[in-house]
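So the structure is just underneath, and the comments pick up after that.
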Amino acid sequence: MMQLPQHHKPSAHSCCPSWIRRSPPSPPPPPHKKLGGGRSRYACRLVPLLVLTVYSVVTVLRIPSASLVVSTADSERVDRREDLEALKTHLPSNQNSLEAREETRSVASLPCSAFISGEAGHGEEGVLCCDRSHYRSDVCYLRGDVRTDPSTSSVLLYNAARGSGPEKVRPYTRKFEDSVMSSIDEVTIVPVPGGHNASASALRRRCDVRHPRGVPAVVLSTGGYTGNVYHEFSDGLIPLFVTAQRFGGEVVLVVLEYHYWWLGRYGAVLEQLTNYKVVDFRSDRRVHCFDEMIVGLRIHGELVVDPKLMPNGKSIKDFQALLHRGYSRTTTTTTPSASPPVPLPLPLAPLSRSRSRACPRPAAKPKLLIFIRKQNRVLLNLPHVVTACRRAGFAPHVMNLRRQTPLAAIHAALASADAMVAVHGAAVTHFLFMRPGSVLLQVVPVGLDWAADAFYGKPAQQLGLEYLEYKVAPEESSLAAEYGLDSTVLRNPWVISSRGWWEMKKVYMDRQNVTVNIKRFGELLRTARTHLKNTTACAAAAALR
C-alpha cells in the first residue's frame, strides 16, 4: 500500500513564533485533508492577545485611583498624551508635584561651599563636610551639636550622619606652602554618630560655655607669617572678612596660636566682625558648644575680595569701609580734642640745611607720604626724592614706621593723603587706608616686577586707586656693584626666579637697595600730579569760598 506523504503539522511550540516574526507560509493542505489546521493557527494567535489584555487590566488595577481621577480644570490643562505617559510610568499626571521633587535636593548632593557661604544648611543637623578644592585653603563645615575639646585639639560633632569620617584641617590660607603649613596647629574634627538615648547623652562632653543658638564659630590660625603686615591682611584679616562678614557680628572667633599683641593691634577690625570675645583655642580649657562651626577661612587671592564669589556681592571696598569705621572710632575715642589727631610725627624733609627755613604746606598742595625702609630695599637717595616731590607740587611727609606704631596713626595719616610712595615691601599694604582716587606710586626693584603687580598693583586698582610703577633700571640697583651690570642677575632675573621663591627672595628682596633716577622719577610725579589736578583745584576753590 502506497503511503501518503507526511505533511508538517503546526505544534503548540511552533505556533507562537508565527505571529511574532514572519515565517515561510506552510504548503496548502491536500484536497482530501480537512481545514482544521487553519482554526488551530487562529487559536494560537488569539492566546497571546488574551494574555496581553489580562496584563493590561491588572496594570490598570494597580494604579492608585487618585491618579485616574482628573478634574475638569486639570483636563483642560493636561493633554491626552501626558495622561498616556502617566499610565505607562505609574506616575500621576500632575506636573507640579514632579517639579517639586526635582527641586528638592538631599544634603549629601549639595556642595560643601553652599553650606560655608550660607546658601544651604538651614535646619539641617549632623552635617559635616569639607571643601578642599581651593589651592590656598581647606575649609570644613559642621552643623548640629558641636563641642570643642582643647585637650586633644579636636572638635566633636555629635549625632553626625552615619558614614562620616574624621577630618583634619590646618586653618591657614597658604595650603600650597608645605614649610609654613607644617608649623600650623592641626584641628581634628571627630564625628560621633548616635541616637538621642540616655547612654549616648551621658558620654558627651559637658558644655562649660554654651553659646547662643544661631551664633556660629569660625576657627582660624594666627600662626604662619603673622607678624608681617602684608600677610596679616592678605592671609588673615581679608579671608576672615570673606568668611565671617555675612553673620553681621553674630559669630564667635576661635583662634589657634593666639597672640595678645595681634588682638591689640587688630582689635578695631575684629570688633567690626564679631560682637563676642575671641576664644583662645589652646589656652581656654573649657568646652565651648555651638550649633554651627566653620573651620578654616575662604580666600579669593592677594588682598582681594571678589564680589562674584560673595553671596551678598561685597567687595574690597566694603572691607576698606570696615577699616575706616574701626580705626576712625579708635582715633576719635583716644583723642579728646576736636582737631584731627596726629599720633605720629611726620617730619617734612628739608629743602636746605636749615630746618627753620622749611615752609608750611600750602592748603592747595596734595599731601604725599613716603614710606621708607631701613634694612633692605632702601631708597638710598631719599633727600633727592623728597626734593623732587616738592618740585612736582606735592607736600611730602616721610613715614618711618616701627613695629609698635599704632595702626590707627597710620590710618589717620593715609586717610588724609593724596599720594603714597614706597619701595616694594610689606608697608605698601597700607594703601588699603587710602581714599579711592588717590595715587599709589610703587618703586619696583630689579627682579620683583611680577610680585609688585600681583601683590599690590592689581589690588590697588580694584580699590579705585591710580597705580603707577617706577621700575628700577639695572644701573640703579645695588646688585650692579655686587654681580656686575651685565650679569644674569640683572639682565635675566627670570633665571633666578625660576629656581624658586626662596632663591628669588634671597637675591632680589634681601640683598638689594635702590637709587632712583630723579629725572625719570620726576616724570612719574608729574603724571601723578596731573591726575590729582582736579582734586587740587577743587580744594583751592573750597579754600577761596
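Model, not experiment: these values are computed from the prediction. Quick note: numbers below take in every heavy atom, side chains included, and nothing from hydrogens, waters or symmetry partners. By convention here, the first residue in the shown sequence is residue 1.
Taking 4.5 Å as the limit, every side-chain heavy atom of His324 sits out of range of all side-chain heavy atoms of Leu322. Two residues are said to be in side-chain contact when any heavy atoms from C-beta on lie closer than 4.5 Å; Asn400 and Arg402 meet this criterion. The closest side-chain heavy-atom distance from Thr243 to Ile294 is below 4.5 Å. Counting heavy atoms from C-beta on, the side chains of Leu407 and Phe433 come closer than 4.5 Å.
Here Arg286 pairs with Asp284 in a salt bridge; the nearest charged N to carboxylate O distance falls below 4.0 Å. A salt bridge does not link Glu271 to Lys277: none of the charged nitrogens lies less than 4.0 Å from a carboxylate oxygen.
A side-chain donor from one of Gln245 and Asn312 sits under 3.5 Å from a side-chain acceptor of the other. In this structure, a donor-acceptor pair under 3.5 Å is absent between the side chains of Gln442 and Tyr470. Between the side chains of Tyr225 and Glu177, at least one donor-acceptor pair of N or O atoms lies under 3.5 Å.
Distance alone, capped at 3.5 Å, is enough to place a donor-acceptor pair between the Ser497 side chain and the Pro493 backbone. Checked by atom type and distance alone, the side chain of Ser477 pairs as donor or acceptor with a backbone atom of Leu479 at under 3.5 Å. Of the possible polar contacts, one joining the Arg373 side chain to the Asn376 backbone as a donor-acceptor pair under 3.5 Å is found. Formation of a donor-acceptor pair under 3.5 Å by the Arg246 side chain with backbone atoms of Met310 is not found in this model. In terms of modelled atom types and a separation under 3.5 Å, the side chain of Thr173 and the main chain of Ile299 share no donor-acceptor contact. A distance-only check finds a donor-acceptor pair linking the side chain of Gln512 to the backbone of Val446 [under 3.5 Å]. Remark: side-chain polar atoms of Ser182 are paired, donor with acceptor, to backbone N or O of Ser179 under 3.5 angstrom. Side chain of Tyr172 to backbone of Asp185: no donor-acceptor contact under 3.5 angstrom is found. Under the 3.5 Å distance criterion, the side-chain polar atoms of Asn492 are left unmatched by any main-chain donor or acceptor of Trp494. In this structure a side-chain-to-backbone donor-acceptor pair under 3.5 Å is missing from Glu292 to Ala217.
Remark: Thr222 OG1 to Trp262 CH2 distance equals 6.0 Å, nearest 0.5 Å. One distance of note links CG of Leu220 with CG of Asp235; it measures 12.0 Å at 0.5 Å rounding. Once rounded to the nearest 0.5 Å, the distance linking OH of Tyr141 with SG of Cys129 reads 8.0 Å. Expressed to the nearest 0.5 Å, how far CZ of Phe281 lies from OG1 of Thr148 amounts to 6.0 Å. Between atom CG of residue Leu463 and atom CZ of residue Phe431 there is a gap of 6.0 Å, rounded to the nearest 0.5 Å. The line from CG of Leu485 to CD of Glu475 is 6.0 Å long, rounded to the nearest 0.5 Å.
Just one of Arg132, Arg170, Arg298 meets the salt bridge (Lys or Arg N to Asp or Glu O under 4.0 Å) condition when paired with Asp138; it is Arg132. If you run salt bridge (Lys or Arg N to Asp or Glu O under 4.0 Å) between Asp418 and each of Arg435, Lys367, Arg529, only Arg435 comes through. Checking each of Asn513, Ile372, Val385 against Leu379 for a side-chain contact (heavy atoms from CB on, under 4.5 Å) leaves exactly one that passes, namely Val385.
Annotation for Gly484 and Ser487: closest pair O-OG, 2.8 Å, computed over non-hydrogen atoms. Contact detail for Ser498 and Val495: the closest heavy-atom pair is OG-O, 2.6 Å. Taking both residues in full, the closest heavy atoms of Pro445 and His424 are given as CD-CB, 3.8 Å, listed atom of the first, atom of the second, then distance. Between Ile370 and Pro396, the shortest heavy-atom distance links the atoms CD1-CB, 4.3 Å. For the residue pair Ala528 and Leu468, the shortest heavy atom distance occurs at CB-CD1, 3.8 Å. Leu440 and Ala460 get closest at one heavy-atom pair: CD2-CB, 3.8 Å.
For residues 500-519, the set of pairs meeting the salt bridge (charged side-chain N to carboxylate O under 4.0 Å, His left out) definition, not counting sequence neighbours, comprises Glu482-Arg511, Glu503-Lys506, Lys505-Asp510. Counting only residues at least two apart or in different chains, salt bridge (charged side-chain N to carboxylate O under 4.0 Å, His left out) contacts with residues 436-460 comprise Asp449-Lys471, Asp453-Lys458. Within the structure, side-chain hydrogen bond (donor to acceptor under 3.5 Å, both in side chains) pairs that include any residue of residues 248-260 comprise Ser221-Glu257, Glu250-Asn275, Glu250-Tyr276 (at least two apart or interchain).
With sequence neighbours left out, the salt bridge (charged side-chain N to carboxylate O under 4.0 Å, His left out) criterion links Asp178 to no other residue. Contacts of Asp318 classified as salt bridge (charged side-chain N to carboxylate O under 4.0 Å, His left out), with partners at least two apart in sequence or in another chain: none. A search for ring-ring contact (aromatic ring centres under 6.0 Å, His included) contacts involving His384 returns nothing, not counting sequence neighbours.
Two rings, from His430 and His411, have their centers 6.0 Å or more apart. Side-chain rings of Tyr456 and Tyr230 approach one another, their centers coming within less than 6.0 Å. Ring centroid separation for the pair Phe233 and Phe241 does not come in under the 6.0 Å cut-off.
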Subject >> Candidate pair Cys130 and Cys140, rule disulfide bond (SG atoms under 2.5 Å apart), full reasoning >> reply: CA-CA 4 Å; Cys130 293; Cys140 290; 1.9 Å; yes
**OP:** Begin from the C-alpha positions of Ser234 and Glu302 and carry the test side chain to side chain donor-acceptor pair (under 3.5 Å) through to its verdict.
**Re:** CA-CA 6 Å; Ser234 185; Glu302 307 294 339; 3.2 Å; yes
Subject >> side-chain contact (heavy atoms from CB on, under 4.5 Å) between His531 and Arg526, intermediate numbers included >> reply: CA-CA 9 Å; His531 171 77; Arg526 285 189 290 274; over 6 Å; no
**OP:** Show your working on side-chain contact (heavy atoms from CB on, under 4.5 Å) between Val516 and Leu380 and close with a plain yes or no.
**Re:** CA-CA 8 Å; Val516 300; Leu380 297 176; over 6 Å; no
Subject >> Residues Thr274, Phe247; criterion side-chain contact (heavy atoms from CB on, under 4.5 Å); working and verdict >> reply: CA-CA 8 Å; Thr274 178; Phe247 298 113; over 6 Å; no
**OP:** For side-chain contact (heavy atoms from CB on, under 4.5 Å), just list the numbers for Thr188 and Thr152, CA-CA rounded to whole Å, side-chain angles, deciding distance to a tenth of an Å, and then say yes or no.
**Re:** CA-CA 8 Å; Thr188 302; Thr152 59; over 6 Å; no
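Taking the six-membered ring where the residue is Trp, His211 and His288 present parallel rings, their angle staying beneath 30° rather than reaching 60°.
Other residues, nucleotides and ligands contribute more than 12 heavy atoms inside 6.0 Å of the CD atom of Gln404. Shown here is Trp261, whose CH2 atom has more than 12 heavy atoms of other residues, nucleotides or ligands within 6.0 Å.
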